[in-house]
Amino acid sequence: MSKRYILTGAPGTGKTTLIDVLRSYGYPCFSEISRKVIIQERESGSNKTPWGNLSGFVDLVYAQTVKELQHPIQNTSFVDRGLPDLIAYLTAKLQSIPNYLLNFPFASYYASTVFLTAPWKDIYINDPERPQSFQEALVLHQHLIKTYTDLGFTIVTIPNTTLTKRVDFIQSFIETKQVSSLPIYGSFRDKR
């Protein structure tokens with residue numbers, strides 16, 4: 001069974017656009033569950049969102065993600081955010097991490113390499129599911145780096161460049177599966 005490559009990053013960094021293009025190239029891709037939950041909660045009049053009831057939101061996203069992870073995949077695939085993102089969000093908001101996240105077997109479902117899109121003011125926009133400011137995105141970015149690093153993932157930062165070059169960058173990595181063959185900005189390990 002193949003493992004999913006996580007595409008992570010703060011809101012407004014181009015993850016969903018990249019996922020959409022990768023999907024159009026024939027890769028199996030999984031949409032962002034967090035966004036789906038936010039839309040469902042807004043439409044139902046509930047407040048289980050990152051800015052309303054964060055712990056309730058995390059519970060919902062976790063349950064839906066675990067259900068999705070039960071479907072085996074056979075080919076290289078990508079997911080718009082992984083469960084470690086929930087830890088980063090909780091940490092950024094100084095909230096406790098539930099045991100179900102602390103004890104989750106991430107390596108059983110996710111590839112050890114994570115693709116990170118960095119905050120990029122030129123493309124950053126808000127929408128109803130993404131009301132955070134650019135400054136909040138910068139803070140979350142640092143928490144994502146720390147969370148994924150602490151969990152033992154290798155972070156590969158996608159350069160802030162054209163969409164075509166970003167997709168080519170990811171495909172080049174997938175084809176070679178060697179960080180050392182990437183351009184100098186390709187690999188990042190947080191130094192603690």
- Value for CG (Leu54) from NZ (Lys48), rounded to nearest 0.5 Å, stands at 12.5 Å
- Starting from the C-alpha separation in whole Å, work towards a yes-or-no answer on side-chain contact (heavy atoms from CB on, under 4.5 Å) for Tyr89 and Ser34. CA-CA 11 Å; Tyr89 267 95; Ser34 297; 5.9 Å; no
- Message: Closer than 3.5 angstrom, by distance alone: can the side chain of Glu41 be matched with the main-chain N or O of Thr49 as a donor-acceptor pair?
- Response: no
- Hey, does Phe106 have a side-chain heavy atom less than 4.5 Å from the side chain of Leu83? yes
- Message: For Tyr27 together with Tyr25, are the ring centres under 6.0 Å from each other?
- Response: no
- Query: Do Ser2 and Thr76 come close enough that some side-chain heavy atom pair is under 4.5 Å?
  - Reply: no
- Task: First locate atom NE2 of His141, then atom NE2 of His143, and finally report the distance between them rounded to the nearest 0.5 Å.
- Result: 11.5 Å
- Message: Is there a side-chain contact between Ile38 and Arg35 in this structure, where contact means two heavy atoms from C-beta onward sitting under 4.5 Å apart?
- Response: no
- Query: Are Arg4 and Tyr109 in a cation-pi contact, defined as NZ or CZ under 6.0 Å from the six-membered ring centre and within 45° of the axis?
  - Reply: no
- Message: If hydrophobic clusters are built by linking Ile, Leu, Val, Met, Phe, Trp and Tyr wherever their side-chain heavy atoms come under 4.5 Å apart, do Val139 and Trp51 end up in the same one?
- Response: no
- Query: Hey, does the side chain of Thr13 reach the backbone of Ala10 with a donor-acceptor pair shorter than 3.5 angstrom?
  - Reply: yes
- Item | From CG (Leu86) to CD (Gln95), nearest 0.5 Å | 13.0 Å
- Message: Under a 3.5 Å distance rule, please check whether Arg166 uses its side chain to pair with a backbone N or O of Thr117 as donor and acceptor.
- Response: no
- Query: Just how far is it from atom CZ of Phe30 to atom OG1 of Thr65, taken to the nearest 0.5 Å?
  - Reply: 11.0 Å
- Tightest non-hydrogen contact, residues Ala92 and Leu140, listed as CB-CD1, 4.5 Å
- Item | Closest approach of Ala137 to Pro119 (non-hydrogen atoms, all atoms of both residues) | O-CG, 4.1 Å
- Query: Any side-chain heavy-atom pair from Lys165 and Thr162 closer than 4.5 angstrom?
  - Reply: yes
- Task: Using modelled atom types only, decide if a donor and an acceptor are shared between the side chain of Thr91 and the backbone of Ile87 within a distance under 3.5 Å.
- Result: yes
- Polar side chain donor-acceptor pair, Ser31 to Asp80, under 3.5 angstrom: no
- Check whether more than 12 heavy atoms from other residues, nucleotides or ligands sit under 6.0 Å from atom NZ of Lys93, and answer yes or no. no
- Note on the structure: Tightest non-hydrogen contact, residues Ile158 and Phe169, listed as CA-CE2, 4.0 Å
- Ring geometry between Tyr62 and Tyr100 (parallel below 30°, tilted from 30 to 60°, perpendicular above 60°): tilted
- Thr161: partners by side chain to side chain donor-acceptor pair (under 3.5 Å), with sequence neighbours left out: none
- Message: Within the 3.5 Å criterion, strictly below it, is a donor on Ser55 or Asn53 matched to an acceptor on the partner's side chain?
- Response: yes
- Message: Could you see if Val21 belongs to whatever hydrophobic cluster contains Phe78? Use Ile, Leu, Val, Met, Phe, Trp, Tyr and a side-chain cutoff under 4.5 Å.
- Response: yes
- Determine the minimum heavy-atom distance between Pro28 and Asn75, stating which atoms define it. CG-CB, 4.4 Å
- Kindly compute the distance separating CD1 (Ile155) from CG (Leu116), expressed to the nearest 0.5 Å. 6.0 Å
- Message: Are the side chains of Pro84 and Phe104 in contact, using a 4.5 Å heavy-atom criterion?
- Response: no
- Task: Side-chain contact test, heavy atoms from C-beta onward, threshold under 4.5 Å: evaluate it for Asp85 versus Tyr148 and give yes or no.
- Result: yes
- Considering all heavy atoms of both residues, which atom of Pro98 and which atom of Leu90 are nearest to each other, and what is their separation? CD-CD1, 3.6 Å
- Message: Quick check against the 3.5 Å criterion: does Lys15 have a side-chain atom that pairs as donor or acceptor with the backbone of Arg81?
- Response: no
- Side-chain contact test, heavy atoms from C-beta onward, threshold under 4.5 Å: evaluate it for Ile170 versus Phe115 and give yes or no. yes
- Message: Can you classify the ring geometry of Phe173 versus Tyr5 as parallel (below 30°), tilted (30 to 60°) or perpendicular (above 60°)?
- Response: perpendicular
- Query: To the nearest 0.5 Å, how far apart are OG in Ser24 and CD1 in Ile19?
  - Reply: 11.0 Å
- Message: Check whether Glu68 reaches the backbone of Gln64 with its side chain - one donor and one acceptor, N or O, closer than 3.5 Å.
- Response: no
- Query: Would you say the side chain of Val79 lies within less than 4.5 Å of the side chain of Tyr110, judging by non-hydrogen atoms?
  - Reply: yes
